[in-house]
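Before any comments, here is the structure.
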Amino acid sequence: MANVVGEGAAGGSTRTLRAQGALRAIAADRASTERLRRTLEQALVFAGAAFAALYAPSTDGELLYLAESAGVPRTLCGVRDSYPVAGRAPVAEAHRGRPVWLGPEDLAAQAQSRRVPSRAFFLAALPVRGGGCLLAVSERAHGFDADDRVCLGLVADAVAFPEPPAATDGADLPHGGFSLAMDTGRVRVDENILELFGLDPDDFDGRVETLLGLTVPEDLPSLMSVVEADHMTIGDRELEFRVLQPTGPPKWLRLSGRLVPGGEGRPARLVGTVADASTLRSDITDVARVQRLAAALATAVTVRDVGKAVVAALRRPLRADRIALAELEGDRLVVTVLDPPEPDAWPALWRAEWRTEWPDAPVRTMPTLAAALREGRARIWPAGSSLEETLADVGPGGLAMLPLPAGHRMAGACLIGWDTPHDFGADERALLTAAAGLAGQALMRARAFDAEHELVGMLQRQLLPRRLPRLPGAVAVARYLPSTAGLELGGDWYDVIPLPDNHVALVIGDVQGHSAGAATLMGQMRTALRAYAVEGHPPDVVVSHANRLLMDMETDLFATCCYVDIDMEEGFAWCVRAGHLPPVLRHPDGRTEIAEAEGGPPLGVIRQSDFPMSPLRLQPGTMVALTTDGLVESPDIDIDEGMDRFARQLAAADPAHLEPVADALLGKAPRSDDVALLLVRYDGMAARPLRESWTVWRVPQAVGHARRFTRRTLRSWGVSENVDAALLVVSELVTNALVHTDGQVRLDLTLVNGRLRLAVADASPRTPVKPTSIGWEATGGRGILLVEAVSAAWGTLPVSGGKQVWAEFVLRH
């Protein structure tokens with residue numbers, strides 16, 4: 001490591017020299033309690049890292065625990081709080097003295113067996129003196145270049161380990177100190193804390209729930225987010241909350257804590273202090289205020305989260321009466337957060353011009369604010385300042401405007417107003433300036449996150465059906481929910497495909513993985529299955545064709561699917577499974593069963609695969625439920641137990657209303673994976689079609705035979721109108737099929753709901769073309785024009801390698 005650093009320094013890189021200077025300045029500040037964090041932050045500044053962390057060995061030497069971190073939340077990078085020293089994770093490899101540099105391809109290859117970042121990250125793990133390692137993650141397209149690596153080496157040489165977490169918490173607690181075991185909820189507290197809570201030491205049972213029960217109910221959620229292990233990550237936590245008093249108003253207390261891993265076999269502990277904050281006006285020069293805001297903004301994902309964090313950090317410390325935070329989009333301010341949110345708390349002009357939903361306002365309507373945005377620095381106007389009415393009523397006792405800079409542009413603005421005259425001190429100005437810079441950067445990051453989230457949602461919506469078709473004799477509803485982990489696209493899909501002869505194909509599937517590649521493949525598979533189904537192939541052939549297509553695409557991903565072809569007239573279905581969950585049937589009497597449908601392998605695994613068809617019998621009122629494993633499987637529930645629970649939930653559902661049934665099923669989903677759900681209630685067709693078919697033999701009298709068959713059939717059905725036109729159409733379509741195609745020709749007649757359909761199927765896939773013009777001497781080409789002229793509608797459909805040409809007549813009753 002020293003050689004790498006030495007070469008970089010000798011090269012005279014300006015960035016390297018600046019990094020060395022910054023690290024020396026931090027090292028010289030021995031009184032700082034944030035020296036380690038500030039040192040790690042230099043990896044963000046000079047090496048372009050999005051996340052940097054120091055891992056130190058635990059006391060027993062079994063684990064490497066996360067001692068400190070800086071940058072984006074660690075969960076976005078896929079790293080853990082601790083790793084086994086003897087493992088093969090990059091952290092452990094670096095601890096053993098070997099620097100590790102990994103790109104997205106390397107991380108993808110290791111993602112199946114190791115807990116490493118799974119997105120397009122570059123990862124660096126460098127050993128540090130005394131054991132442990134520096135871990136850095138970059139999201140930039142080129143990763144860590146030569147200068148970045150030199151700067152990371154400087155940071156690795158500069159970090160100093162804190163004391164490893166003690167094996168026990170038997171040491172004496174400091175004044176106002178506590179130690180909470182995260183697994184049992186047992187807590188050791190200093191007597192001063194009990195006094196703050198109004199408890200006698202002899203009456204305290206050592207349970208954290210006892211202390212939580214004395215807090216103001218409104219403050220309990222934020223306090224629970226700190227003391228619940230599932231919501232904690234390594235690092236500092238600080239918040240203020242209120243406890244109830246026997247008499248008088250609640251008392252404000254301030255909790256400062258840190259989650260410390262206990263090592264293998266021992267629980268993690270939350271250690272810290274609780275102090276009285278009820279009589280203290282917040283010290284706005286205290287670095288802790290800015291640190292808390294920075295910590296809150298680091299975990300703020302959306303633009304609204306950023307606004308809420310800014311309001312929480314500024315309004316109460318500044319004793320402000322109102323705060324507005326808005327994004328700057330072009331020449332308009334788009335309001336993100338108003339606190340208080342009630343319209344009556346804001347000027348009447350705002351309510352009249354911006355309406356009650358507060359969408360946006362032109363900057364030009366507030367020249368003073370526009371000038372402050374151009375200057376790019378915080379502005380403060382005391383009581384009595386001459387301001388346009390739009391701003392004056394926001395803070396009649398004083399107004400502060402914070403431009404929120406992000407790089408070389410303005411991300412937005414924050415308005416803070418007071419009703420009574422307010423004295424602005426130097427400490428407040430310092431807090432406002434620091435908060436503006438932090439909020440601007442966070443706002444731009446959150447805006448990018450929101451844009452990415454919208455892009456992901458739009459792409460996902462485009463890949464799935466926009467709406468489900470109306471079905472003859474059935475009702476269908478579908479739901480899709482993405483995973484709550486990250487923004488990666490899922491591979492789950494569903495489809496409902498109307499087919500000829502009142503058949504409907506139900507499809508649900510899942511492509512392996514969560515990525516743009518998986519989503520793209522999902523769209524391709526959905527399109528392929530729909531195309532093969534519409535061509536008229538039977539279910540097993542449709543799935544087999546899709547399997548061969550996926551094999552030919554030479555992708556590393558595979559897909560599962562379940563395909564159900566339902567005959568709406570007969571209430572009979574064929575089911576084909578390719579490595580997917582079987583359908584669940586809810587019968588009219590409330591019984592549910594998991595269909596015993598044979599299954600083939602997933603698509604894209606074996607080229608020559610059999611996909612057997614299994615029959616399903618559907619009585620009117622039967623509900624068919626198809627889902628993906630995200631709804632029935634989780635780390636705590638295996639798939640068989642999940643399917644049984646899914647069947648029980650369907651048994652208790654009301655099939656008359658499928659929309660609330662689908663919502664209720666998804667409301668109970670574990671959501672560790674994306675979820676697709678398709679529900680279909682088979683009601684049966686109210687009017688059964690009349691059908692007759694005729695095989696047209698290639699004999700000289702073939703057209704005459706077809707006409708006589710048609711006439712007899714229409715007479716038996718009681719059809720007396722449009723008979724001559726129907727016979728003309730039969731003559732033309734049968735003639736075309738015999739003259740222009742080879743193989744078998746079939747004539748089908750269908751009558752349903754006053755519509756007569758004539759269809760002629762042949763073995764040629766070539767669609768007949770309507771001529772644009774016909775001369776007087778032409779001997780052919782008039783047939784399709786005649787069909788179009790005498791029928792209400794006509795068209796062609798692909799049917800098992802051939803086609804079907806059809807025409808319809810509307811009959812009067």
Side-chain angles (χ1 to χ4, degrees), residues 1 5 8-9 13-56 65-74 77 79 124-130 132-138 144 147-164 233-238 256-260 272 283-300 309 313 405 427 430-431 433-442 445:
M1 184 61 62
V5 175
S13 167
T14 302
R15 187 171 11 138
T16 303
L17 296 175
R18 289 171 53 208
Q20 289 174 327
L23 291 169
R24 280 197 297 268
I26 294 171
D29 185 10
R30 299 188 178 277
S32 173
T33 60
E34 293 294 315
R35 185 167 54 184
L36 179 55
R37 181 186 292 273
R38 291 172 57 197
T39 301
L40 290 175
E41 288 173 347
Q42 306 316 303
L44 313 183
V45 176
F46 295 106
F51 172 81
L54 176 65
Y55 281 84
Y65 72 94
L66 182 60
E68 188 58 89
S69 65
V72 301
R74 66 167 182 82
C77 300
V79 300
L126 307 180
V128 299
R129 287 191 295 268
C133 83
L134 169 72
L135 180 72
V137 176
S138 173
F144 296 108
D147 279 350
D148 294 336
R149 297 191 178 203
V150 171
C151 293
L152 286 178
L154 292 173
V155 174
D157 288 341
V159 293
F161 283 124
E163 289 298 323
T233 57
I234 299 300
D236 294 332
R237 291 292 182 270
E238 186 167 352
S256 301
R258 179 179 183 81
L259 185 68
V260 179
D283 183 3
I284 51 179
T285 63
D286 190 356
V287 178
R289 284 290 179 195
V290 179
Q291 290 175 338
R292 286 199 300 276
L293 175 59
L297 292 176
T299 57
D427 50 1
L431 175 62
T433 301
L438 291 171
Q441 296 291 338
R445 187 173 63 248

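Atoms considered below: every heavy atom in the structure, side chains included; atoms not considered: hydrogens, waters and symmetry mates.
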Tell me every residue that passes side chain to side chain contact (heavy atoms under 4.5 Å, CB included) with Leu23, counting only those two or more places apart in sequence or in another chain. Thr39, Gln42, Leu154, Val155, Ala158
Looking at Gly153 and Leu126, what are the two nearest heavy atoms and their distance? N-CD1, 4.0 Å
Grab the two heavy atoms, one from Ala125 and one from Leu135, that are nearest each other, plus how far apart they are. CB-CD1, 4.2 Å
Could you tell me the separation between the CD atom of Glu41 and the CZ atom of Phe46, rounded to the nearest 0.5 Å? 11.5 Å
Output for pair (Thr16 OG1, Asp147 CG), nearest 0.5 Å, gives 4.5 Å
How close do Pro127 and Ala156 get, counting heavy atoms only, and between which atoms? O-CB, 4.1 Å
Interatomic distance, CD@Glu68 vs CG@Leu54, rounded to 0.5 Å, equals 8.5 Å
Between Arg15 and Asp148, is any pair of side-chain heavy atoms under 4.5 Å apart? yes
d(Ser138 OG, Leu44 CG) to nearest 0.5 Å is 10.5 Å
Can you list everything that forms a side chain to side chain contact (heavy atoms under 4.5 Å, CB included) with Ala53? Sequence neighbours excluded, please. Phe51, Tyr55, Leu66, Ser69
Show the nearest heavy-atom pair for residues Leu152 and Ala124, with the distance to one decimal. CD1-CB, 4.0 Å
Between Arg129 (side chain) and Asp157 (backbone), is there a donor-acceptor pair under 3.5 Å? yes
